[in-house]
Amino acid sequence: MRQIVNTANGGSDVLEIQEVPDLSPDTNELLIKVKASGLNFADILARKGQYPDGPSKPCVMGYEVSGVVSAVGQEVDKSWLGKEVIAFTRFRGQAEQVLVHPAQVFAKPEGLTFEEAAAIPVNYITAYLLITVMGALQPEDSVLIHNVGGGVGIAALDLAMHIGATTYGTASQRKHQFLRDRGLDFAIDYRNKDWYEEIMSLTDGKGVELVTDPLGGKEWKRSYKVLRGTGRLGMFGISSASEGTEGGLKGLWNMAKTVVGMPLFHPLPLLNKNRGVFGVNLGHLWHEQEKARLWMDKLLKGVEEGWVNPYVDTTFSFDNVAEAHRYIEERKNIGKVILIP
């Protein structure tokens with residue numbers, strides 16, 4: 001089988017397609033023939049050497065796939081054979097075959113393509129934690145979704161709209177019409193305007209109840225500042241540290257500058273301002289598989305009910321994975337980017 005191998009830290013040229021022997025399931029594993037694999041910002045950071053949770057190189061990244069179960073181990077229910085499924089993968093998902101435990105596998109909704117199905121696990125679980133589980137967004141609330149045009153941003157918008165909250169989002173101007181058509185109430189052009197001033201103007205100086213922020217660094221300070229009483233800041237990334245396509249020393253320097261700019265949240269100001277802050281890192285929740293199944297089941301029910309609508313911007317073949325990385329790094333995508341074996 002073929003797989004995408006991250007051979008070293010650096011630019012997209014370090015990605016290689018390599019052939020390895022076909023996989024065979026252990027007694028408690030399923031073998032999935034992959035039809036679509038998700039590409040996430042964590043994969044970009046890992047390639048650059050800016051992702052502490054990534055495996056040592058050479059490695060195969062990939063947290064999510066959709067495909068068909070082609071073999072099962074002796075202890076696995078044989079009814080899985082031939083089924084179209086979605087699966088979480090703890091790396092190694094960007095390959096033609098993956099091995100997973102049954103607890104990581106879900107039946108693919110019939111109404112979704114394989115590409116759309118692969119867009120659900122990482123983006124929608126992350127958004128569900130930010131908006132519903134930890135963000136506790138209510139219908140009377142308002143939410144600012146940074147990078148609302150990205151994969152997690154689109155998912156967060158779906159969830160916020162289902163709840164009935166007022167939605168604000170930052171995105172480049174070219175994405176605004178798409179986002180408005182999808183249901184965003186207020187789009188903010190962060191490249192040509194100061195998003196903080198814009199949101200305060202739109203809310204008559206009050207701010208919002210919830211901010212979802214993947215930016216990191218000094219932007220977390222401003223996102224915290226824009227919260228009104230009882231507001232919550234949900235942090236889930238540091239994309240501002242990865243501007244440009246290079247890795248190596250320059251990438252590490254960008255990361256260091258971002259870390260230095262991060263705020264320190266002391267308990268007393270939180271008490272006095274009636275604000276909350278929390279973080280989401282899906283890669284650190286593998287010990288909570290029972291919760292993950294509960295969240296995923298609710299999201300798949302949302303697919304059936306029509307309020308979860310994964311959007312795939314474009315697909316790239318495995319052979320064009322370097323182009324796929326650059327596409328995301330240059331912020332060209334609206335929604336999800338998918339890799340096809």
Would you tell me whether [X] and [Y] have side-chain atoms, one donor and one acceptor, within less than 3.5 Å of each other?
X    : Y    : value
H176 : D189 : no
S12  : H325 : no
Y311 : D158 : no
N40  : E64  : yes
D185 : T167 : yes
H146 : T212 : no
S172 : R191 : no

Would you compute the distance between atom [atom1] of [X] and atom [atom2] of [Y] and round it to the nearest 0.5 angstrom?
X    : Y    : atom1 : atom2 : value
N123 : L299 : CG    : CG    : 11.0 Å
Y168 : L144 : OH    : CG    : 9.5 Å
I188 : S201 : CD1   : OG    : 9.5 Å
S70  : Q97  : OG    : CD    : 6.0 Å
F114 : K35  : CZ    : NZ    : 6.0 Å
E96  : S37  : CD    : OG    : 11.5 Å

Is there a path from [X] to [Y] through hydrophobic residues (I, L, V, M, F, W, Y) whose side chains come within less than 4.5 Å of each other?
X    : Y    : result
V122 : I44  : yes
Y196 : F186 : yes
Y124 : F106 : yes
V321 : I338 : no
L294 : I125 : no

How far apart are the closest heavy atoms of [X] and [Y], and which atoms are they?
X    : Y    : value
R232 : G135 : NH2-O, 2.7 Å
P25  : L99  : CA-CD2, 3.6 Å
V69  : W80  : CB-O, 3.2 Å
R182 : P310 : NH2-N, 4.5 Å
L300 : A107 : CD1-O, 4.1 Å
V105 : A87  : CG2-CB, 4.2 Å

Just so I know, are the side chains of [X] and [Y] near enough to count as touching, which here means a heavy-atom distance under 4.5 Å?
X    : Y    : value
V152 : I145 : no
I120 : L112 : yes
L31  : D22  : no
D213 : L233 : yes
V14  : N6   : yes
P109 : I86  : yes
V143 : V211 : no

Assess whether a salt bridge exists between [X] and [Y], defined as any Lys/Arg side-chain N lying under 4.0 Å from an Asp/Glu carboxylate O.
X    : Y    : value
D43  : K48  : no
R47  : E329 : yes
K225 : E219 : no
E209 : R228 : yes
E19  : R2   : no

Original post:
Between V60, T7, I4, which is the residue that forms a side-chain contact (heavy atoms from CB on, under 4.5 Å) with Q18?
Top reply: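 Checked V60, T7, I4 against Q18; only one passes side-chain contact (heavy atoms from CB on, under 4.5 Å): T7.
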Original post:
Within the distance-only criterion (no hydrogens, no angle test), does the side chain of Q94 pair as donor or acceptor with the backbone N or O of R92 below 3.5 angstrom?
Top reply: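 Absent.
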Tell me, yes or no, whether the heavy-atom count around [X] atom [atom1], taken from other residues, nucleotides or ligands under 6.0 Å, exceeds 12.
X    : atom1 : answer
E140 : CD    : yes
K33  : NZ    : no
E305 : CD    : yes

Subject >> Lys/Arg cation over aromatic Y128: K298, 6.0 Å, 45° cone >> reply: no
**OP:** Kindly confirm or rule out a cation-pi arrangement of R275 over Y224, judged by NZ or CZ under 6.0 Å from the six-membered ring centre and within 45° of its axis?
**Re:**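 So R275 does make the cation-pi contact.
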Original post:
Are F88 and Y63 close enough that their ring centers fall under 6.0 Å?
Top reply: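 No, the ring of F88 stays outside the 6.0 Å limit from the ring of Y63, centre to centre.
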**OP:** Walk me through it: do S79 and D77 pass the test side chain to side chain donor-acceptor pair (under 3.5 Å)?
**Re:** CA-CA 5 Å; S79 66; D77 188 342; 3.0 Å; yes
